[in-house]
Number of protein chains: 2
Amino acid sequence: MASYSSTALKAELNERGWRMTPQRETILTTFQNLSEGMHLSAEELCELLKEKGENISLSTIYRNLKLMARMGILRELELAEGQKRYEINQPAPHHHHHLICVRCNKTVEFKNDSVLKVGAKMAEKSGYHLLDCQLLIHAVCPTCQRSITPV
Amino acid sequence: MASYSSTALKAELNERGWRMTPQRETILTTFQNLSEGMHLSAEELCELLKEKGENISLSTIYRNLKLMARMGILRELELAEGQKRYEINQPAPHHHHHLICVRCNKTVEFKNDSVLKVGAKMAEKSGYHLLDCQLLIHAVCPTCQRSITPV
DNA sequence: TCATTATTGCGAATGAGTCTCAACGTGATC
DNA sequence: GATCACGTTGAGACTCATTCGCAATAATGA
Ligand SMILES: [Zn+2]
Ligand SMILES: [Zn+2]
Ligand SMILES: [Zn+2]
Ligand SMILES: [Zn+2]
């Protein structure tokens, strides 16, 4: 289940002169145990942990979500308006993309290996170190097409 | 040059019970005449128009960028942190994607028709009306890989 | 064990984007 | 081409996701 262990995280952090903390381990394992299709915002993660009795301050959550996204451990997604959401960044067989209705924000996840290949090849060709590759499709869902709601 | 005329915009607006205004025409033609690779934020568009002597209030710009993105005329992009950027949404031969360095925000545009095909097929299969299809690659550019700057 | 210094938690600050509302202008009707 | 209904604009107030500043804390290495 755990595609990226907290031991590996600790090693990678130390290598860069940073430190492993209980908060970082908690955040990592929380995302690893999240069911497929769940995307958490900073605030939602904070609430979820509070319910489980593991309080972590919102500042710390914001800092570490950003850190782990920039390490390639988490994916930063702009699914609905107004706030970023995160999910664990999984390799090839579990890697997926998002189709979003711009009116109701209904989100469909789908897999397509060829897109990841295109992204990886493009990054390599330009000498970039790949962190995340996401196909984002903005569209209007069947329900919203039928509704009279403007735009 | 103009892939989407202001006459067409007026027609589509009226069809939905909305109205054409000088501000909307100015915004549309500004994006149509923008050079390739330019992505404007609301604030930048406001400044650009001010320089040209065509003042449009920031509120109006925000409202219409969102409106035109939801009509599929503009693409809404999250390239750098903190603000959305827009560009004209062009069909197949000019359609492109973005490779972004998460540290310095350097952005590379690239074309790949197969990705658009994947997106269009996926939207159609789910009964969604496609507005925009963008492959977003987060990575670390060669320069930033060599730099000692953290994360 | 101790020193160094990265990290946390709190509250204050920031700022992109939204909201409110009176004044205005568009498009439809006659 | 005058009138009307109502969508749109502009200005400023406002919201709230995210960042910042800093003192207290704790992870690492010697
Ligand atoms: Zn997902
Ligand atoms: Zn919808
Ligand atoms: Zn572009
Ligand atoms: Zn860079």
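We name chains A, B, ... by the order of the sequence lines, and we start the count at 1 in each one. Scope of the values below: all heavy atoms of this structure, side chains included, with no hydrogens, waters or symmetry mates.
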Next item on the list: Inspect the contact between K84(B) and E78(A) and indicate whether a charged nitrogen and a carboxylate oxygen are less than 4.0 angstrom apart.
Entry: yes
For atom [atom1] of [X] and atom [atom2] of [N], their distance in whole Å:
X: E44(A); N: dT18(D); atom1: CD; atom2: C1'; value: 15 Å
X: I27(B); N: dG10(D); atom1: CD1; atom2: C1'; value: 13 Å
X: L67(B); N: dT9(D); atom1: CG; atom2: C1'; value: 14 Å
X: Q83(A); N: dT19(D); atom1: CD; atom2: P; value: 13 Å
X: N14(A); N: dA30(D); atom1: CG; atom2: P; value: 12 Å
X: R19(B); N: dC4(D); atom1: CZ; atom2: C1'; value: 10 Å
X: W18(B); N: dG7(D); atom1: CH2; atom2: P; value: 11 Å
X: L13(A); N: dA26(D); atom1: CG; atom2: P; value: 18 Å

Notebook entry, point to check: Cluster partners of L79(A), using ILVMFWY side-chain heavy atoms under 4.5 angstrom, listed by chain and number?
Noted result: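 Besides L79(A), the hydrophobic cluster comprises L77(A), I100(A), L136(A), listed by chain and residue number.
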Return a table of donor-acceptor pairs under 3.5 angstrom between the side chains of residues 49-57 of chain A and protein atoms on other chains or two or more places apart.
unit_1: S57(A); atom_1: OG; unit_2: T60(A); atom_2: N; d: 3.2
unit_1: S57(A); atom_1: OG; unit_2: T60(A); atom_2: OG1; d: 3.0

Check: Considering residues at least two apart in sequence or located in another chain, which fulfil the ring-ring contact (aromatic ring centres under 6.0 Å, His included) criterion with H98(B)?
Finding: H39(B), H96(B)
Check: Within the pair K10(A) and dT28(D), is there a side-chain N or O less than 4.0 Å away from OP1 or OP2?
Finding: yes
Checklist line | For DNA chain C, the residues among residues 55-65 of chain B that have a non-hydrogen atom under 4.0 Å from it | finding: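 When residues 55-65 of chain B is checked for heavy atoms under 4.0 Å from DNA chain C, the hits, listed by number, are S59(B), Y62(B), R63(B).
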Going by the rule side chain to side chain donor-acceptor pair (under 3.5 Å), which residues pair with [X] if we only count those two or more places apart in sequence or in a different chain?
X: H97(A); value: none
X: T29(A); value: none
X: Y86(B); value: E76(B)
X: T7(A); value: none

Notebook entry, point to check: Contact class for E81(A) vs. all strands (heavy atom < 4.0 Å): base, sugar-phosphate, or nothing?
Noted result: nothing
Next item on the list: Hey, which sits more toward the 5' end of DNA chain D by its nearest nucleotide, K84(A) or G17(B)?
Entry: G17(B)
Next item on the list: Check I88(A) against L74(A) and note the closest heavy-atom contact, atom names and distance.
Entry: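 Between these two residues, the closest heavy atoms are CA-CD2, 3.9 Å.
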Note to self: Suppose we screen for salt bridge (charged side-chain N to carboxylate O under 4.0 Å, His left out). Which residues come up paired with R85(B), at least two apart in sequence or across chains?
What the structure shows: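 Residues passing salt bridge (charged side-chain N to carboxylate O under 4.0 Å, His left out) with R85(B): E44(B).
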Note to self: Can you give me the first and the last nucleotide of DNA chain C (5' to 3') that has an atom within less than 4.0 angstrom of a non-hydrogen atom in chain A?
What the structure shows: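 The footprint of chain A covers dT4(C) to dG11(C).
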Next item on the list: Determine to 10° how strongly the helix from dT1(C)-dA30(D) to dC30(C)-dG1(D) is bent, judged from the axes of its five-pair ends.
Entry: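 The helix from dT1(C)-dA30(D) to dC30(C)-dG1(D) shows an end-to-end axis angle of 60°.
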Checklist line | Pairs meeting criterion side chain to side chain donor-acceptor pair (under 3.5 Å) with involvement of residues 129-142 of chain B, two or more places apart | finding: R75(B)-D132(B), D132(B)-Q134(B)
